[in-house]
Structure formats: structure tokens, C-alpha cells
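The shown structure was predicted, so the numbers you read here are calculated from the model rather than taken from an experiment.
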Amino acid sequence: MELATGFESISRDGWRALAVEVLRKSGIETEAPEEALSTVTYDGVTVAPLYDLDDLPGDPGLPGEAPYVRGARGTPGWDVRQRHAVADPEAVLADLENGVTSLWLVVGEGAIPVDALGAVIEGVYLDLAPVVLEAGDRVREAAEVLFGRGSAVRGNLGASAVASTGWGPGLELARRCVDGFPGLGAITVDATPYHDAGGSDAEELGCSIARGVAELRALTDGGLSVEQALGQIEFRYAATADQFATIAKLRAARRLWARVAEVCGAVGGAVGGAVGGAVGGAVIGTVGGTVGGTGGHGGQRQHAVTSSAMMTARDPWVNMLRTTLACFAAGVGGAEAVTVQPFDACLGLPDAFSRRIARNTQALLLEESGLGRVIDPAGGSWYVERRTADLAERAWAWFQEIEAAGGITRAAGLVADRIAATRARRAEDVAHRRLPITGVSEFPNVHEKPVRPPTPAQPASETGGTPTPAQPASETGGLPRVRYAEEFEALRDLADARPERPTVFLATIGPVAAHTARAAFAANLFQAGGLDTETAGPGADPEQIATAFAVSGASVACLCSTDKLYAQHAAAVATALRKAGARKVWLAGKGEYEGVDGNLYAGCDALAVLRETFDDLEVTR
């Protein structure tokens, strides 16, 4: 018996007719519901409201086989990787004893001292628990500590073979790994700086592939075979709370890298050939072709870390939800290792509680939710497969553009400019609350209490919850690090610093049922900047409202009611508020009335409104 038995079949045309009627009832006249209901990502990928079999881009292959869209391995689950930037052996062992399966250790100034690294991993079974280093210019010294633990050590040294001049330390370390440490890789291609600078998914992917190709060139020019070079590289990507975007990004990344490996002769044929000649041109073909063979050399090793840019310092409890979604997406997307950042990463060094929440988030998804028992659960979804293919095409085009500009190092200016443009577009969406941030720009708790007492400042690698890239800043164009919430949070900090919290008066007109919706909207907007609100209560008498305003001590007011009542009372109430000393009178809605200076409405520039209000309230910015 088929699952669809008993259900009336429906065609796309039938759905279209129904959708047109629903849209018409919503005030939208259109004969093309797909266009009306579609959204476009920062990469220009159209996300449609409906997908069917015709949207499948082709055969994505099988898990563990080229083109590795469905996973680089043929086994389910992932490695639970916790990050440590403090020399605390007890915390390291506590994590390993309670669900963590590998370590990400930050070594160097302001983090774990090189001479303390040995003590930090003293009780760690390095043949069972891989160690990934982030050591910057101390990578050679840190690597020696791992080399000294024997040939069974597993993990990645986090180095780079690319340097502005000559070869980076990664080449020498890769040679040693190839010669005597089969479980150890030397190179980490860290794509998170491009994400943390505000880049889009395709920009993050294209830059990572360009950097990966640069590492391949350096390694093969230094004497390694293509097969050996591919085995030395691990990629690190950001996972966000946009679960489908993250799933598609990780799947697309593997397809892109498989294409590079194929061009280099590592997939679907004999391994060999010079990388410089194979991918040295501006264009190396399309990514859409079928990558044949079942060789494992083109399977990209992926480490996903929950996004730093999406984290908030305000209402940080919501970060638990964000990181849970991101971890889910990373696991479903096929990452081999996942790091969940502690929910309080923006507030200082994580404590035992926040580390426990981070690792238990993964344990819950792997064990209780059963994600660790399924391979590529999103595979076959018309939506996911189409979005994966579309994203891969955009990322490949961006990668080719970087290559045409001379490669990732020479194209640093191009990369910075492109990401800056995307960052500005996203900032506009955040400011207008088209990209809402729960607990900050939407549903803020202006009187929230700190999660915990202040802790010592985090090392530079963790400031603002943002990991330091594995490659030097000079190799990533000195990109900035941003958090989407920081503009709103800066205003919150200013408001909190005042002896008395600045207040905006909500001049509610008419009965409670008439003004509640817009009063709640206005209060939410002003509180997103840390401003308190005081309400006049029900009534329509201009003098009574003006008297309540004077008693409140506020200097800015906002009218809140229905359009019908605005037509009757807005001008009179605004005039009365002016006489009572109001410097600025806003109106929640889009109407224009005498005495009203500006409007608040869904989609308005909330940050601009708040900054203007801060000026009117004489709050120094």
C-alpha cells in the first residue's frame, strides 16, 4: 500500500491556483505566486516556496563516494570537539570523560602557553582523542609537543603552507606527518574569518576552496604527491542557526573540493599531476559535472564550529537555541567534527556549566535525537538538493573569480571589498529588523540581569566569541570580525550606563483594544536600544495625555492607536505633547499628521530611529 493512497493528487498548477487565492485575501494581487513567495539569499540563490521532482539537480552519489555531497565517510555520527584556550588539564579531562571525543587547543600568547601544552594533554589518550591545534606563529613549537607523544597521535596541527613570501611552516610539518604520523594532518583551511567578517555562504565557500587550492599548490610544489597533500588538509566552516543554509553549505563544500581533487587527478582516475598546472588557470570548468570513481582522496575533511557572528551578549540564553540549531545543521550536513561554542562566549571565559551545556547539546542530538544513527538524513530532499547545487554554482563562480585575480593571497583586496558589500547589506537588514535577532532587536528584556558575574577577559582568540583563524590575518586581508547584534547592543550599553534609564512616553489613544498592538510594537522597538517606555493608558483627551507625559519626565513621545483614531485625535494629541515639552513626537504607523516628526512601522530603520531618539534624550553616543 502506497503512502499516498487515499489522498487526492495535486499538480503544481493546482497549488498555484490555491496560492493565488490565499495571496489575494492577503491583499497581494499576482498570477505568479512563486515569485511573490520566493526569497533571495545574499548569494542570489532563489529560495522557492515549493519544490518537486523536477527541481532535483542530478544524482548526488552515495555517502562516502564521489562527489561526496552525501558525506565524505560512509558512516553516521560526528566527532564532538571542544575548544580550550586556558591551561586547565582538569577541564580538558572532564570534557573527555563526559562526551567530548576530540580537542581544539588554542596555544600561544593569551591562551595555553606552549610550555604548558604537554601538561594539558598529559592524561589524554591521543590515539583515541584527536587534538587540533590553533597556535599561530608558535605552531612549530606546539607541533613538537604532539610529535613527542608517538606516531599514534591523531588530529591536525592547524598550520598553513602558504606565506606571503616562500613557504609557511605547514610544508615542513606536512612532510613530517606524511613520513611518520599517519593519523596527523598539518594544514587547516579556516573559512570562519570570511564568515565572521560578514561574508555570505558562497563567499565563505569560494574563499575556502581558493585557499585550499593555494595549500595544495604549496604542498605539491614542496614535494608531496597530490594524494599526500589532500590527506593533510582539514577545512573549518561556520554553522549558523539557518539550518538549511548550513546543511547546503557543507554539502556544497564537499562537492566543490571533490571537483578540485578530480581536476588534480585524485578522483576518478590515477592520483598525480601538478596542481599548479591543473588549477592554475582562471577557469577550470564547471562544478556541475559528474565526478566519477570511488576514491577517497577527494573527500573533504570538515570541522564545523557554531557561528561567532550570530552570538549575542544580550539575552545570551538564546544562544543555546542558536547553537543547537547550528549543531543540528552541521551534523545533518555531514561535518566530521562539530564544535558548539559556549552560550556565554561573548561574556568572558566559559565556566564548567557553559562547557557542559555545549557538549551536552551534541550528546542530546547524537544520542537522544538519534542523529548519530543516520547518514545524510536530508539527502533526496528536493529543496536541499536544489539549494546545495545552486549554492555550489555561486561558490564555484566566486572561486574562479579569485583565481583569475591571482589566487587567494593576491586577491585579498577583491575578497575584502566583496565581503564588505555583503556585510553592509546584512547590516541594513539587521537595522531594519528584516533579519531579527531574538532577545536583542526583537523581544528584548531591557531589565535583564547578567547571566553571571564578570570573568577575566578572554584571550584574543576568543574575544566576542570569535575564534582566531588558523591562517594569519595578513593572509585573510586583515578582515574585520563582526557580530550581527553589536550595533543594538552598543546602544543597550549606553542606556544601561545612565544613572536612570532613559524613557520614551507612549501616548496611547483610545481603549486598550485599539492601541495595544502598536504600543507593543513601539515598546519592543525602543527597548531594543535599552530605552524604557511608559504608557499613558486608555483615553483620547489630549490634555490628559499631555499631563501624563509631563509627569513621566520623558522628552520623547510616540503616538499609538488605530488609523481611524489617528484621523480623529493624532494632530491634537501631538500638539498638546509639544506644548508639554516633547522634543520629538513619533507615530506608530505610516500616516502623516500635523505635529508628528516621524513614523515607526515594520521594516523601518530601527537603528536610525533609536540613534535619533538617543540624541533627543541627550544620551551621549
Is there side-chain contact between [X] and [Y], with heavy atoms separated by less than 4.5 Å?
X	Y	value
T306	L325	no
R322	T312	yes
F526	T613	yes
L391	R251	no
L205	Y194	no
W317	M320	yes
Q300	Y237	yes
S160	R211	yes

R423: which residues meet the salt bridge (Lys or Arg N to Asp or Glu O under 4.0 Å) condition with it, sequence neighbours left out?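 Listed in chain order: nothing, the list is empty.
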Quick one: do the T188 and D190 side chains pair a donor with an acceptor below 3.5 Å?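 Side chains of T188 and D190: no pair found under 3.5 Å.
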Atom pair [atom1]/[atom2] of [X] and [Y] - distance to nearest 0.5 Å:
X	Y	atom1	atom2	answer
M310	R483	CE	CZ	12.0 Å
W398	S200	CH2	OG	9.0 Å
E403	I209	CD	CD1	10.5 Å
R611	L494	CZ	CG	10.5 Å
R81	L103	CZ	CG	9.0 Å

Lys NZ or Arg CZ of R236 over W104 ring: under 6.0 Å, within 45°: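 Ring-cation test returns yes.
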Could you pull out all residues at least two apart from R492 that satisfy side chain to side chain donor-acceptor pair (under 3.5 Å)?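 With neighbours one apart ignored, the set is E448.
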Would a distance-only check, ignoring hydrogens and angles, find a side-chain to backbone donor-acceptor pair under 3.5 Å from [X] to [Y]?
X	Y	value
N156	I233	no
K249	T388	no
N524	F443	yes
R314	V440	no

How far apart are the closest heavy atoms of [X] and [Y], and which atoms are they?
X	Y	value
L479	A197	CB-CB, 3.8 Å
A174	L224	CB-CD2, 4.1 Å
S208	A191	CB-CB, 3.7 Å
A528	L610	C-CD1, 4.2 Å
F521	Y601	CZ-C, 3.4 Å
L133	A143	CD1-N, 4.1 Å

Whether F399 and W396 hold their rings parallel, tilted or perpendicular, with breakpoints at 30° and 60°: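 Rings of F399 and W396: tilted, 30 to 60°.
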Testing L171, V226, L230 for side chain to side chain contact (heavy atoms under 4.5 Å, CB included) with L219, which one passes?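 Going through L171, V226, L230 one by one, the side chain to side chain contact (heavy atoms under 4.5 Å, CB included) with L219 is satisfied by L171 alone.
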Which of these, E134, R83, Q82, H84, sits in a side chain to side chain contact (heavy atoms under 4.5 Å, CB included) with L105?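 Looking at E134, R83, Q82, H84, the match for L105 under the side chain to side chain contact (heavy atoms under 4.5 Å, CB included) is H84.
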Assess whether side-chain hydrogen bond (donor to acceptor under 3.5 Å, both in side chains) is satisfied between S441 and R433, documenting all intermediate values. CA-CA 7 Å; S441 67; R433 302 198 298 178; 5.9 Å; no
For S354, give me all partners under side chain to side chain contact (heavy atoms under 4.5 Å, CB included), at least two apart in sequence or on another chain.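 Applying side chain to side chain contact (heavy atoms under 4.5 Å, CB included) to S354 gives P342, F343, D344, P350, D351.
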Under a 4.0 Å threshold between the charged nitrogen and the carboxylate oxygen, would R418 count as salt-bridged to E203?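 Here E203 does not pair with R418 in a salt bridge, since their nearest N and O are not under 4.0 Å apart.
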